[in-house]
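Worksheet for the structure shown next.
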Amino acid sequence: MKQAIKIKENVYWVGVRDLNVRDFHGELYPVEEGATYNAYLVIDDQITLFDTVEEEFCGECIERIESVLDGRSIDNIIVQHAEPDHSGGFKKIYEKYPNAKVYTTKAGVRHMQAQYIEDTPFNELKTGDTLSTGKYSFTFVEMNMIHWPDNMLTYCPELKVVFSNDAFGQHIVNYQMTDENLDKHYCIEQAKEYFANIVMPYTVPVKNKLNQILAMNLDIEMILPAHGIIWKNYVADIIEAYKDFATLKQSNKVVIVYESVWKHTQQIAESLAEGFAAAGMDVKVYKLSITRSSIVMKELMDAKMVCVGTGTYNNAMAPSVASFLERVKSCKINDKKGLAFGAYGWFRNVPSTLSDKLKEAGFEPAADAIAQNFTPSEDELDNYYKLALEIGKSL
């Protein structure tokens, strides 16, 4: 029987580890080591469950819950987010504990009913509402569009714990549960990757909500997210990191992504990379078709500039490049420079089309698109190097 894991006095992790998942949210977010779906149980005069994991793993969640209930039942279920990786097990858990009161936001009610077609008597919550369960009290904060309209966060002042749902999440699968045995840089980088792939389109509401939460002057000892490890040693660090994430704070970095068959476009990418490096920039170069998209999105988040290159495929750009541009367009990026480049044989228009797509995605052109006819000469490669050097020094 699966056992609940004690996080602190009267607080237990009753979630699950999905060790086999490699595509989180479909192909949107490739992951390396799996994921966790975190649910938490708080024992008090009333017993409260936060979130209900993905449906596939509901039985394991119930086993963990039952291991600490000691014959009691759940009194409250808090649905902090209606997305199925957090709420998929709700129906089965509610069937097992039908006397529980269910709490969620107004949008959460709408989303839960639309997904599960259940006439559940939900109790609607708004920012500032509280719930007392005995010696503990919980304050709820709506977090609209981080990253669904129904997201919310819950704070318990007596426990000094934040149940943050998707906020501050990452995909670290660690059996020790907290960040105590992990390198700080690694933890922050994993949170950055999560933010870039899940939350980046919503930086404005994240920034506003973060400011609101910070203004509440909460005394926080632990942050319990819905995915990944629990923040304990690095609470202040992850909050500071989120300030940078929310503003897409830039470092002196350029990201170069491309697709190339006969290496003509690759040669341009490499010349640009050396020019930017000579200008003192941190340079990241990725061939899109062989690189996890989650890595590219993470590096893109704090770059000053993005260069995108493609060969010409049947008078069009490479499918991986077109897909990448659609994705970054959805992220509502601004205040970054862009440069389009690519090689062609007899159809010249693709690099200029690529440049237009970059502008549509929010990137300001740093120069005209580079359109290379077949194999670049040494002089042409030197010109691309000099162009990157000049742009890099101006950034």
Side-chain angles (χ1 to χ4, degrees), residues 250-293 295-329 333 336-395:
Q250 296 179 357
S251 61
N252 190 33
K253 179 170 70 176
V254 57
V255 174
I256 302 172
V257 296
Y258 72 95
E259 203 58 69
S260 181
V261 173
W262 304 119
K263 298 190 177 178
H264 304 145
T265 301
Q266 179 178 326
Q267 287 177 279
I268 302 171
E270 291 171 353
S271 291
L272 292 172
E274 293 193 11
F276 284 118
M281 298 191 73
D282 179 19
V283 184
K284 304 290 185 181
V285 184
Y286 302 107
K287 187 175 183 180
L288 284 170
S289 59
I290 60 173
T291 307
R292 281 199 298 121
S293 61
I295 294 174
V296 177
M297 296 306 293
K298 180 186 75 169
E299 297 298 342
L300 170 74
M301 195 168 77
D302 60 349
K304 283 185 177 179
M305 181 164 179
V306 176
C307 303
V308 183
T310 180
T312 300
Y313 301 72
N314 298 322
N315 296 348
M317 66 185 71
S320 61
V321 173
S323 176
F324 171 76
L325 290 171
E326 283 300 310
R327 183 167 183 188
V328 295
K329 182 180 178 180
I333 290 171
K336 293 185 190 292
K337 300 288 188 181
L339 176 65
F341 65 94
Y344 69 97
W346 54 92
F347 186 80
R348 182 187 173 89
N349 295 351
V350 168
S352 60
T353 300
L354 178 55
S355 185
D356 291 340
K357 292 292 185 182
L358 269 173
K359 283 187 277 189
E360 289 176 13
F363 295 89
E364 179 185 348
D368 292 336
I370 295 171
Q372 172 63 47
N373 185 227
F374 285 114
T375 307
S377 67
E378 288 300 320
D379 286 344
E380 287 170 324
L381 291 174
D382 188 51
N383 287 336
Y384 303 148
Y385 171 92
K386 291 176 180 176
L387 175 63
L389 178 63
E390 180 183 350
I391 295 172
K393 288 181 176 179
S394 71
L395 291 177

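Sequence positions, counted from 1, serve as the residue numbers for this chain.
Checked against side chain to side chain donor-acceptor pair (under 3.5 Å), S352 has no partners two or more places apart in sequence or in another chain. In terms of the side-chain contact (heavy atoms from CB on, under 4.5 Å) criterion, residue partners of A322 (sequence neighbours excluded) are, by chain and number, M317. Looking at residues two or more places apart in sequence or on another chain, you find no salt bridge (charged side-chain N to carboxylate O under 4.0 Å, His left out) involving E390.
Counting only distance, with no hydrogens or angles, the side chain of K336 and the backbone of A303 share a donor-acceptor pair below 3.5 Å. Side chain of S323 to main chain of P319: no donor-acceptor pair is present (N/O by atom type, distance under 3.5 Å, no hydrogens or angles). Remark: the backbone N or O of E259 is not paired with any side-chain donor or acceptor of T310 at under 3.5 angstrom. With D282 contributing its side chain and V254 its backbone, the two residues share no donor-acceptor pair below 3.5 Å. In this structure, S394 contributes its side chain and I391 its backbone to a donor-acceptor pair below 3.5 Å. Counting only distance, with no hydrogens or angles, the side chain of S251 and the backbone of D302 share a donor-acceptor pair below 3.5 Å. Remark: the backbone N or O of H264 is not paired with any side-chain donor or acceptor of T375 at under 3.5 angstrom. Judged by distance alone, with hydrogens and angles left aside, the side-chain atoms of K253 form a donor-acceptor pair with the main-chain N or O of E299 at under 3.5 Å.
Taking a 6.0 Å sphere around CG of D368, one finds it holds 12 or fewer heavy atoms contributed by other residues, nucleotides or ligands.
Inter-residue side-chain proximity for K337 and F363 is flagged as unmet; no heavy-atom pair is nearer than 4.5 Å. Looking at T265 and Y344, their side chains never come closer than 4.5 Å, going by heavy atoms from C-beta outward. Side-chain atoms of N383 and L387, non-hydrogen and from C-beta on, never get closer than 4.5 Å to each other. Between V328 and V308, the closest side-chain pair of non-hydrogen atoms is not below 4.5 Å. Under the 4.5 Å side-chain criterion, counting only non-hydrogen atoms from C-beta, T291 is not in contact with V257.
Atom CD of E274 sits about 7.5 Å away from atom CD of E270, to the nearest 0.5 Å. To the nearest 0.5 Å, atoms CG (D356) and CG (L325) are separated by 11.0 Å. To the nearest 0.5 Å, atoms CG (L381) and CG (L272) are separated by 9.5 Å. With values rounded to the nearest 0.5 angstrom, Q267 atom CD is found 13.5 Å from W262 atom CH2. With rounding to the nearest 0.5 angstrom, the CZ atom of F374 is 6.0 Å from the CH2 atom of W346. With values rounded to the nearest 0.5 angstrom, K284 atom NZ is found 13.0 Å from L300 atom CG.
When all heavy atoms are compared, the tightest approach of S293 to R327 is OG-NH1, 3.5 Å. Considering every non-hydrogen atom in both A278 and Y385, the closest pair reads CB-OH, 3.3 Å. Closest approach of F347 and T312 over heavy atoms only: O-OG1, 4.0 Å. Among all heavy-atom pairs drawn from F276 and C307, the shortest one is CE1-SG, 3.7 Å. The two atoms that bring P351 and G342 nearest to each other are CG-O, 3.8 Å, heavy atoms only.
With M305 as the partner, the side chain to side chain contact (heavy atoms under 4.5 Å, CB included) test is satisfied by one option alone out of L395, I256, V255, N252: L395.
A donor-acceptor contact under 3.5 angstrom links the side chains of Q372 and Y384, judged on distance only.
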